[in-house]
Amino acid sequence: FFGRLTEGLSRTSTKLTTGVTDIFTKKKLDEDTLEELEDLLLSADLGTGPTEEVVGRLRRERVGQDVTDEEVKAILAEVVADTLRPLEKPLAVNPSHAPHVILVVGVNGAGKTTTIGKLASKMKAEGHSVLLAAGDTFRAAAIEQLAVWGERANVPVLTKPNGADAAGLAYEAIEKARTEGHDVVLIDTAGRLQNRSELMDELGKIVRVIKKLAPEAPHDTLLVLDATVGQNAISQASAFTEIAGVTGLVMTKLDGTARGGILVALGDKFELPIHYIGVGEGIDDLRPFDAGEFARALTA
Ligand code: GDP
């Protein structure tokens, strides 16, 4: 896995590490090099908090001294790991919820359906009985795609025709899970963020209707974010935390992007648990988030 993440983040880490090397080769640490470093870290989407932390530490500890690129990278890795370590949190299914209801939100294309398929496979392998609900009822393709993932993961999928009421489908999914004894329900949702009030109405209605059957549900609301959109992930997270009461994050497409640094900015800003990261399109390409591994891959 570490190899996979290192390979996946190689475009981000190449940008960061060659940048650091360029700045710190044959140079003393002074305000100019610190400013160059600050620009580099910001352009790699690390966010202002973690960037200031790295720059501040170097300024306090090392100004006027020779500093090697390796030392700077080590400090960078440490700051990234320290920022994200409190957010490492595997998704915990509580079977006594009977069923544990997980609502999955995010804009179209972020990777919701794919992530649900991967999660279903993982949870099934852990011994759970999983039901999927194809709640993105606005797009026929999304319904079909979830059905395909259900086959791949070998778990049942509750679908309704295109245009059906998503809240009603979610309600039925919970009823079905109770009747058939599934302990987890993963609910896909529509993600048209261009119309914020419509999205808010839709997600709000799903939650209201779910609560009629299961007042504590949804037990988790996962926001799926695509790493390749860089800074846009921040505005998506702002919108969805406000609209949907997000309880945790999954970041997809960390394979092959130069924008993996955005996870650091997100973690720093929102302090939401980062449950999983997506590192490919395959069923096994969902990994529990490990801050240390991520930090090493980012600075490798
Ligand atoms: P949704 O609209 O949010 O449900 O997004 P989809 O699940 O349909 O995913 C959109 C595209 O992103 C699909 O082509 C997926 O194969 C791809 N995708 C999802 N997760 C990952 C990932 O971790 N890595 C890569 N490379 N592609 C991914």
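Index from 1, following the sequence. Order of listing sets the numbers, starting from 1, for every ligand and every atom in it. Just so you know, these numbers use all the heavy atoms, side chains as well, and skip hydrogens, waters and symmetry mates.
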T113 and D188 side chains, donor-acceptor separation under 3.5 Å
yes

Sorted by chain and residue number, the residues with a non-hydrogen atom under 4.0 Å of ligand 1 are V107, N108, G109, A110, G111, K112, T113, T114, K118, R139, Q145, T252, K253, D255, G278, V279, G280, E281

N/O donor-acceptor pair under 3.5 Å between T12 side chain and T257 backbone
yes

Evaluate the criterion side-chain contact (heavy atoms from CB on, under 4.5 Å) for residue pair T33 and L37; output intermediate values, then yes/no.
CA-CA 6 Å; T33 50; L37 178 65; over 6 Å; no

Using only atom types and a distance under 3.5 Å, with no angle test, would you say the side chain of D30 pairs donor to acceptor with the backbone of D32?
yes

Would you call E78-R57 a salt bridge at under 4.0 Å N-O?
yes

Of all residues at least two apart in sequence or in a different chain, which pass the side-chain hydrogen bond (donor to acceptor under 3.5 Å, both in side chains) check with R62?
Q65, E71

